[in-house]
Amino acid sequence: MANSHILVGASTNPLQPVVRRISTSDLYYALARGYDDFAAFPSHAVFLCVIYPLVGILLIGSTLGTLSLLPLAIPIATGFALVGPVAAIGLYELSRRREAGLDSSLSHAFDVLHSPSLGAIIALGVLLMAIFLIWLVVAEALYMEIFGYAAPTSIEQFITGLLTTPRGWTLIIVRWGIGFLFAALVLSISAISFPLLLDRDVGAAVAIHTSLRVMAANPLAMALWGLIVAVLLIIGSIPFFIGLAVVMPVLGHATWHLYRRTVEPDRNPHSGYQPPHERPRRSAADFPSALFPTHWWGKSDIGENG
């Protein structure tokens with residue numbers, strides 16, 4: 001039953017979300033609303049996303065300190081964005097709450113831990129991490145195929161061989177081609193998956209399928225969205241990933257609003273789910289009914305409306 005809930009949500013026969021057609025104006029709308037959310041609570045967003053560039057710096061720093069891992073420095077830098085949708089999950093939640101008129105203080109970014117879709121969110125995050133690791137394996141295999149198994153003798157020798165030799169340019173071109181395919185795959189399965197899971201208890205399989213349907217219904221617009229994301233991430237990564245502390249929040253909030261433009265609203269979205277300690281206390285007079293969850297009696301103990 002638990003596995004079924006992760007895949008298809010609360011319903012054994014889930015209704016497929018209705019997908020809309022969008023235009024480039026919807027992309028600009030999403031970006032504008034994303035920036036508006038960022039401007040409303042920039043300190044929240046920077047705090048949530050500062051760990052993302054720090055992890056990137058640490059990963060690349062570890063490869064520079066070990067010559068045998070040096071060929072993975074660039075694949076890590078370029079492929080780290082594959083797990084970006086996971087890093088932005090708290091931002092989606094803040095945008096969801098702000099849109100619904102709920103309290104959007106920083107602590108509520110972690111309310112996703114109490115989402116009915118938490119299992120599906122984790123499963124989708126694990127899938128993206130697996131894709132990232134597969135990308136690293138493929139990138140390393142390509143390097144060995146072209147340059148052999150010997151590790152670079154120095155950083156200078158590695159850079160010279162990569163940028164000034166036919167083998168180096170072959171590696172760059174092939175890696176970028178394959179990297180594009182990995183990026184297209186991640187965009188296709190996660191473009192609106194995480195926001196959808198925050199909004200509805202539909203399960204990972206339905207979320208991925210809906211994201212694919214959005215891509216199929218709007219190929220040009222979503223391709224442009226992918227290009228916008230890639231360009232902004234590249235700009236934010238120079239230098240040393242520092243700009244990602246701003247780019248990531250804006251893109252994260254914008255992704256929520258893009259979801260709103262591409263999928264028809266649900267009549268019964270998740271309400272403002274709260275941690276257990278925030279739920280109203282019951283008195284002794286409620287015994288024995290207080291022993292049982294209130295939803296058994298057709299009521300809700302959630303104090304906020306979504």
Using the six-membered ring wherever Trp is involved, compare the ring planes of Trp256 and Tyr259 and label them parallel, tilted or perpendicular (cut-offs 30° and 60°). tilted

Using the rule given for ring pair (Phe, Tyr, Trp, His ring centres under 6.0 Å), can you reason through Phe182 versus Trp135, listing the C-alpha separation, both sets of side-chain angles and the distance that settles it, and then say yes or no? CA-CA 7 Å; Phe182 274 87; Trp135 156 246; 5.6 Å; yes

Do Ser211 side-chain atoms and Ser188 backbone N/O form a donor-acceptor pair below 3.5 Å? yes

Where Pro152 and Gln157 come nearest, the two heavy atoms and their spacing: CA-OE1, 3.3 Å

Has the side chain of Ser117 got a donor or acceptor atom that lies under 3.5 Å from a matching backbone atom of Arg200? yes

Any heavy-atom pair between the side chains of Arg20 and Val214 that's under 4.5 Å? no

Close side-chain approach of Val86 and Met129, heavy atoms under 4.5 Å: no

Check: Arg175 side chain, Leu142 main-chain N or O, donor-acceptor pair, under 3.5 Å: no

State whether the side chain of Trp225 and the backbone N or O of Leu27 hold a donor-acceptor pair below 3.5 Å, judged by distance alone. no

Side-chain donor/acceptor of Asp26 to backbone N/O of Arg261, under 3.5 Å: no

Parallel under 30°, tilted from 30 to 60°, perpendicular over 60°: which one fits the rings of His257 and Tyr29? perpendicular

I'd like to check Leu128 versus Ser190 (side-chain heavy atoms, cut-off strictly below 4.5 Å). Are they in contact? yes

